[in-house]
Amino acid sequence: MFDKIKSIRAYEVLDSRGYPTIACEVVTDNGAHGKAMIPSGASTGEREALELRDGDKKRYMGKGVLKAVDNVNRIIAPTLLNRNLDVIEQTKIDEEMIKLDGTEFKTQLGANAILSVSLACAHAAANYKKKPLFKYLREDILKNSDTIFKMPVPMLNVINGGAHADNTIDFQEFMFMPIGATSIHQACQMASECFHALERLLKSKGFNTSKGDEGGFAPALKSADEALEFMVEAIKVAGYRPGIDKDIAIALDTASSELYDNEKKVYVFKKAIAANILTKETGTKTTDQMIEYLESLVKKYPIISIEDGLAENDWDGWKKFVDRMGGHIQIVGDDIFCTNPKITQEGINKGVANAVLIKLNQIGTLTETLQTIKEAQIANWCAVVSHRSGETEDTTIADLVVACGTGQIKTGSMSRSERIAKYNRLMEIEDYLGVQAKYEGVATFTNIKK
């Protein structure tokens with residue numbers, strides 16, 4: 001049976017920060033329908049595929065996406081419709097768009113334009129097959145007949161800093177990971193209880209509990225140590241045991257590319273220096289000093305994962321970090337890899353991490369995203385499926401992480417509906433699967449010694 005693509009229509013919507021992003025709807029001859037809305041990042045890697053913006057300062061401060069919308073409606077849609085493609089031919093659809101763009105980082109049409117069509121087609125194909133998206137991806141695209149579906153351990157962002165919050169913390173994300181749970185339902189309960197315990201603790205000490213871009217708190221804390229101490233205390237107040245082999249562990253995203261001075265080859269804690277918390281001398285670290293600092297945090301706190309501990313251009317530093325800490329913690333590459341299968345494979349060959357962050361809009365097609373995940377899994381690396389700081393109510397990543405069985409998801413805090421939507425979708429999937437759903441907890445960290 002075939003179900004040809006009948007129509008492709010893109011349009012502008014708003015993300016969680018009130019900025020425009022692109023959405024796309026695909027309809028087939030048999031009436032199958034698919035829709036996708038594309039997220040947007042604030043902290044971006046140099047090698048990310050291009051997010052095409054209009055640049056018209058008179059409209060949305062230059063952040064409109066009408067050019068991307070136009071590229072879908074006037075260029076991509078006619079091309080794909082003329083090819084008479086079946087909606088289930090995901091690889092062909094994506095390859096046609098990559099060829100049509102013709103650039104390495106999708107700078108002609110925009111990765112946001114291309115991805116909107118790629119994901120809308122996948123949703124339409126799942127609708128045509130009368131399957132939930134996660135089952136369609138697993139069975140029809142990945143050709144995986146395994147009947148057990150691994151549910152992911154959430155990385156719950158509870159304290160925001162860096163580019164995600166207007167405060168004094170230079171590290172971008174501090175996250176709870178409920179590794180001791182036995183289901184995604186229990187994981188969400190544990191995460192929620194720890195989140196609200198943290199809120200009470202911060203309030204009791206007179207800190208502001210306003211939220212950052214991803215729903216975590218953005219208090220004016222003086223250091224990573226202070227943030228981590230609050231988190232450990234919150235875990236205990238909520239009735240759980242902190243520890244990498246207990247109930248709740250901690251993950252960090254230091255977003256070190258934001259701190260790195262490419263000319264001087266040092267890491268500068270700009271926000272702490274500006275607030276006079278650190279001096280220029282104490283707030284500036286060499287690569288070796290940065291590694292030593294991160295190692296000191298791991299020794300003091302139950303940290304199981306560090307993302308972007310070093311800058312995207314500091315490859316030699318990454319190798320040192322892995323050689324020193326790779327057997328003890330998960331070392332996740334985001335900016336350094338940008339979900340690019342070519343760059344990720346280079347990283348695997350050079351041993352500069354032991355996990356990769358997966359962001360669909362960093363590369364711009366579902367096919368390339370799946371390729372990157374496959375490379376990681378072959379290498380026994382973990383793959384952490386992630387949201388962006390500018391999100392929508394689209395829950396595609398929840399289905400993606402279950403379909404691929406990567407075992408970890410990073411999708412924000414226990415507040416803001418665009419984040420909660422992903423947790424709700426995961427619980428919905430777990431209910432649907434019943435005994436076929438498996439939550440592995442700490443066992444999902446196949447890349448470190450327990």
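- T392 and D394 share no donor-acceptor pair across their side chains, judged by distance under 3.5 Å alone.
- No side-chain heavy atom of I248 sits under 4.5 Å from any side-chain heavy atom of P242.
- Remark: the T279 side chain and the T282 side chain contain an N/O donor-acceptor pair separated by less than 3.5 Å.
- Counting heavy atoms of neighbouring residues, nucleotides and ligands inside a 6.0 Å radius, atom NZ of K342 does not exceed 12 of them.
- A donor-acceptor pair is defined here as one N or O able to donate and one able to accept, closer than 3.5 Å; such a pair exists between the side chain of S257 and the backbone of E312.
- Under a 4.0 Å N-O distance rule, the pair R425/D399 qualifies as a salt bridge.
- A cation-pi geometry, defined here as NZ or CZ lying under 6.0 Å from the six-membered ring centre and within 45° of its normal, does not hold between R47 and F105.
- We find that R241 and D247 are joined by a salt bridge, their nearest charged nitrogen and carboxylate oxygen being less than 4.0 Å apart.
- Enclosure of atom CZ in R74 is not indicated, since only 12 or fewer non-hydrogen atoms of other residues, nucleotides or ligands lie within 6.0 angstrom.
- Side-chain contact of N112 with E51: a donor-acceptor pair under 3.5 Å is absent, judged by distance alone.
- R419 has no carboxylate O lying under 4.0 Å from a charged side-chain N of E391, or vice versa, which leaves the two without a salt bridge.
- Using modelled atom types and a 3.5 Å distance limit, the side chains of Q90 and D94 yield a donor-acceptor pair.
- Taking a 6.0 Å sphere around NZ of K300, one finds it holds more than 12 heavy atoms contributed by other residues, nucleotides or ligands.
- Residues V402 and M151 have side chains in contact (heavy-atom distance under 4.5 Å, counting atoms from C-beta outward).
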Salt bridge (Lys or Arg N to Asp or Glu O under 4.0 Å) assessment of D15 paired with R388: CA-CA 10 Å; D15 71 15; R388 300 307 301 259; over 6 Å; no

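- Ring pair F195/F217: centre-to-centre distance below 6.0 Å.
- With no hydrogens or angles considered, no side-chain donor-acceptor pair links D288 and T286 at under 3.5 Å.
- No side-chain N or O of E307 forms a donor-acceptor pair with one of Q330 less than 3.5 Å apart.
- A donor-acceptor contact closer than 3.5 angstrom links the side chains of E193 and Y240.
- Ring geometry for F269 versus Y293: interplanar angle over 60°, hence perpendicular rather than tilted (30 to 60°).
- The closest side-chain donor-acceptor pair between D225 and Y301 falls under 3.5 angstrom.
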Trace of the salt bridge (Lys or Arg N to Asp or Glu O under 4.0 Å) decision for K359 with E48: CA-CA 10 Å; K359 295 173 176 173; E48 286 196 25; 5.3 Å; no

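- Using a 4.5 Å heavy-atom threshold, the side chains of L310 and M290 count as touching.
- Both cation-pi conditions hold for K63 and Y19: the charged atom is under 6.0 angstrom from the six-membered ring centre and inside a 45 degree cone around its axis.
- K106 has a carboxylate O that lies under 4.0 Å from a charged side-chain N of E368, or vice versa, which qualifies the two as a salt bridge.
- At a threshold of 4.5 Å between non-hydrogen side-chain atoms, the residues N160 and K211 do not count as touching.
- Using a 4.5 Å heavy-atom threshold, the side chains of K35 and C24 count as separate.
- Smallest separation of non-hydrogen atoms from S305 and V332: OG-CG2, 3.5 Å.
- In summary, the side chains of T287 and D314 do present a donor paired with an acceptor at a separation below 3.5 Å, with no hydrogens or angles considered.
- There is a side-chain donor-acceptor pair under 3.5 Å between S40 and R53.
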Stepwise salt bridge (Lys or Arg N to Asp or Glu O under 4.0 Å) check, R59 with E12: CA-CA 13 Å; R59 186 174 184 275; E12 201 176 55; 2.5 Å; yes

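- For the residue pair D334/Q362, the side-chain donor-acceptor check at 3.5 Å is satisfied.
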Working for side-chain hydrogen bond (donor to acceptor under 3.5 Å, both in side chains), residues N447 and N380: CA-CA 6 Å; N447 47 4; N380 198 39; over 6 Å; no

Pair K58-D56, salt bridge (Lys or Arg N to Asp or Glu O under 4.0 Å): steps then yes or no: CA-CA 5 Å; K58 294 180 181 179; D56 179 0; over 6 Å; no

Evaluation steps, side-chain hydrogen bond (donor to acceptor under 3.5 Å, both in side chains), between T367 and T365: CA-CA 5 Å; T367 298; T365 66; 5.1 Å; no

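- Between G347 and W315, the shortest heavy-atom distance links the atoms CA-CZ3, 3.9 Å.
- The closest side-chain heavy-atom distance from M175 to D253 is below 4.5 Å.
- Looking at L400 and F134, their side chains never come closer than 4.5 Å, going by heavy atoms from C-beta outward.
- Ion pairing between D323 and K319 holds under the 4.0 Å rule for side-chain N and carboxylate O.
- Crowding of K438 atom NZ: a count of heavy atoms from other residues, nucleotides or ligands under 6.0 Å not exceeding 12.
- Salt bridge absent: K270 and E258 never bring a charged side-chain N and a carboxylate O closer than 4.0 Å.
- Side-chain polar atoms of E440 and T444 form no donor-acceptor pair below 3.5 angstrom.
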Pair L14-T21, side-chain contact (heavy atoms from CB on, under 4.5 Å): steps then yes or no: CA-CA 6 Å; L14 298 178; T21 189; over 6 Å; no

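- N167 and K271 share a donor-acceptor pair across their side chains, judged by distance under 3.5 Å alone.
- A heavy-atom distance below 4.5 Å is found between the side chains of I304 and M177.
- Ring orientation note: the planes of W381 and F337 are tilted relative to one another, at an angle of 30° to 60°.
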